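The next block holds one structure in the form of structure tokens; read it before the comments.
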Amino acid sequence: MEQSMQKTPLRVFTAMISLMMLGFAIAKGVSYYETMSAGAKAAENWGLGFSEEGKAPTANSTPEEMERFHAYYIGNQNKKTIYLTFDCGYENGYMESILNTLKECNVSATFFLVGNYLETEPELVKRMVNEGHMIGNHTYHHRDMSCMGKEEFAKELTDFETKLKEITGKESEKFYRPPQGKYSENSLKMADEMGYKTIFWSLAYVDWYDDNQPTKEQAFEKLLGRIHPGAVVLLHSTSKTNGEILGELIGKWREMGYSFGTLKEL
């Protein structure tokens, strides 16, 4: 009984705080639950929903909403153009084949690299640049950028810029892809303030597990069935399947009437 009485003031205080929050919420015209969940909405994972073959997916935000922060995930939805991008966390033995295929097919891509790739594969990085591909900034350490402070956020991007210039002698292209697609409105703003365009994607598939690679048939089912005008395609360069099917995939997309553009055209 005594223990219960000791807890009573705390319960009363907690109830008073809850009522105050409810009053503030009502005064502002929002619900109590919206107020309580505001913090949870600060960071998001990029996600897509496909409902119709050949049509653009629904995403977390509309293209117009994202463009406020110079963030993009799709191009002109009335034009059959594909923007081909690769995320490259480490070298798995397939990059040389990917570059050979892109050269043979006369396709320019953007490679979103991390610091580890710059450190371990400088010759491949130079080849990408020399063959006309763009290097995108996937941050130096591939960490969750959605909740970082301004200084820490900036360092992830500028350390990458410094290392890339050391290798290639060229300034970094201002295209940034958030690791794992994790972002917040604040992180979009910080990237924008640094002059970066944040690039998400409108087509990807599960291709990143080394020990559970999709079959050729599974890859084509997703990459052909879900292709759509203005698609920003994300493939992982670590994928054995991607390395094997890339030439045929590009050919099939072209047979469907698609051509290839670069992110600068977005």
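In this text, all values refer to a predicted model and were calculated from it rather than measured experimentally.
Shown here are the ring pair (Phe, Tyr, Trp, His ring centres under 6.0 Å) partners of F86, two or more places apart in sequence or in another chain: F111. Taking the salt bridge (charged side-chain N to carboxylate O under 4.0 Å, His left out) definition, one finds that K55 meets it with nothing, sequence neighbours left out. Not a single side-chain hydrogen bond (donor to acceptor under 3.5 Å, both in side chains) links E52 to another residue, sequence neighbours left out. For H236, the ring pair (Phe, Tyr, Trp, His ring centres under 6.0 Å) partners at least two apart in sequence or on another chain are W208. When the ring pair (Phe, Tyr, Trp, His ring centres under 6.0 Å) test is applied to F112, no partner is found at least two apart in sequence or on another chain. By the side-chain contact (heavy atoms from CB on, under 4.5 Å) test, N45 is found to be paired with K182, residues two or more places apart in sequence or in another chain being considered. Remark: E221 pairs with no residue by the side-chain contact (heavy atoms from CB on, under 4.5 Å) rule, at least two apart or across chains. With sequence neighbours left out, the salt bridge (charged side-chain N to carboxylate O under 4.0 Å, His left out) criterion links K170 to no other residue.
When every heavy atom of Y73 is checked against every heavy atom of S61, the shortest pair comes out as OH-O, 3.1 Å. Closest heavy-atom contact between W201 and G181: CH2-CA, 3.7 Å. A pairwise comparison of heavy atoms in G230 and I74 identifies O-CG1, 3.2 Å as the closest pair. Across all their heavy atoms, G54 and P229 have their closest contact at O-CD, 3.8 Å. Residues P179 and T139 approach most closely at CG-OG1, 3.5 Å, considering heavy atoms. A pairwise comparison of heavy atoms in A231 and I227 identifies CB-CD1, 3.8 Å as the closest pair.
Other residues, nucleotides and ligands place more than 12 heavy atoms under 6.0 Å from the CD atom of E265.
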_D144 and S146: CA distance, side-chain angles, deciding distance, side chain to side chain donor-acceptor pair (under 3.5 Å) verdict_ = CA-CA 6 Å; D144 181 355; S146 62; 2.6 Å; yes
*Checking side chain to side chain contact (heavy atoms under 4.5 Å, CB included) for the pair Y72/E67: CA distance, chi angles, key distance, verdict?*
CA-CA 6 Å; Y72 306 88; E67 196 170 354; 3.8 Å; yes
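Taking 4.0 Å as the cut-off between side-chain N and carboxylate O, K155 and E152 do not count as a salt-bridged pair. For the pair E173 and K197, the salt-bridge criterion is not met [side-chain N within less than 4.0 Å of a carboxylate O].
Note: H138 and H142 have perpendicular aromatic rings, judged against thresholds of 30 and 60 degrees for the angle between ring planes.
Distance alone, capped at 3.5 Å, is enough to place a donor-acceptor pair between the N60 side chain and the G47 backbone. A distance-only check finds no donor-acceptor pair linking the side chain of S187 to the backbone of Y183 [under 3.5 Å]. Between the side chain of T241 and the backbone N or O of P214, at least one donor-acceptor pair lies under 3.5 Å. Under the 3.5 Å distance criterion, the side-chain polar atoms of Q213 are matched with a main-chain donor or acceptor of D207. A donor-acceptor contact shorter than 3.5 Å links the side chain of H228 to the backbone of R226. In terms of modelled atom types and a separation under 3.5 Å, the side chain of R177 and the main chain of F200 share a donor-acceptor contact.
Annotation: the span from I98 atom CD1 to M95 atom CE amounts to 5.5 Å, rounded to 0.5 Å. Rounded to the nearest 0.5 Å, atoms CD (E193) and NZ (K189) are 8.5 Å apart. The OG1 atom of T85 sits 9.5 Å away from atom CG of L203, with the distance rounded to the nearest 0.5 Å.
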Output side-chain donor-acceptor pairs under 3.5 Å for residues 246-263, partner residues at least two apart or in another chain, one line each.
| unit_1 | atom_1 | unit_2 | atom_2 | d |
| --- | --- | --- | --- | --- |
| E248 | OE1 | K216 | NZ | 3.0 |
| W253 | NE1 | L223 | O | 2.9 |
| R254 | NH1 | C105 | O | 2.9 |
| R254 | NH2 | C105 | O | 2.9 |

Show me the donor-acceptor pairs within less than 3.5 Å that the side chains of residues 115-122 make with the rest of the protein, sequence neighbours left out.
| unit_1 | atom_1 | unit_2 | atom_2 | d |
| --- | --- | --- | --- | --- |
| N116 | ND2 | G89 | O | 3.1 |
| Y117 | OH | E91 | OE1 | 2.5 |
| E119 | OE2 | Y140 | OH | 2.6 |
| T120 | OG1 | N116 | O | 2.9 |

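If you chain together ILVMFWY residues whose side-chain heavy atoms come under 4.5 Å of each other, M194 ends up grouped with M145, M148, F153, L157, Y176, M190, Y196.
Residues L84 and L235 are in side-chain contact: their nearest non-hydrogen atoms beyond the backbone lie under 4.5 Å apart. The shortest side-chain heavy-atom distance between L99 and H133 falls under the 4.5 Å cut-off.
Under the side-chain hydrogen bond (donor to acceptor under 3.5 Å, both in side chains) criterion, the residue pairs touching residues 93-108 are N100-R127, with sequence neighbours excluded.
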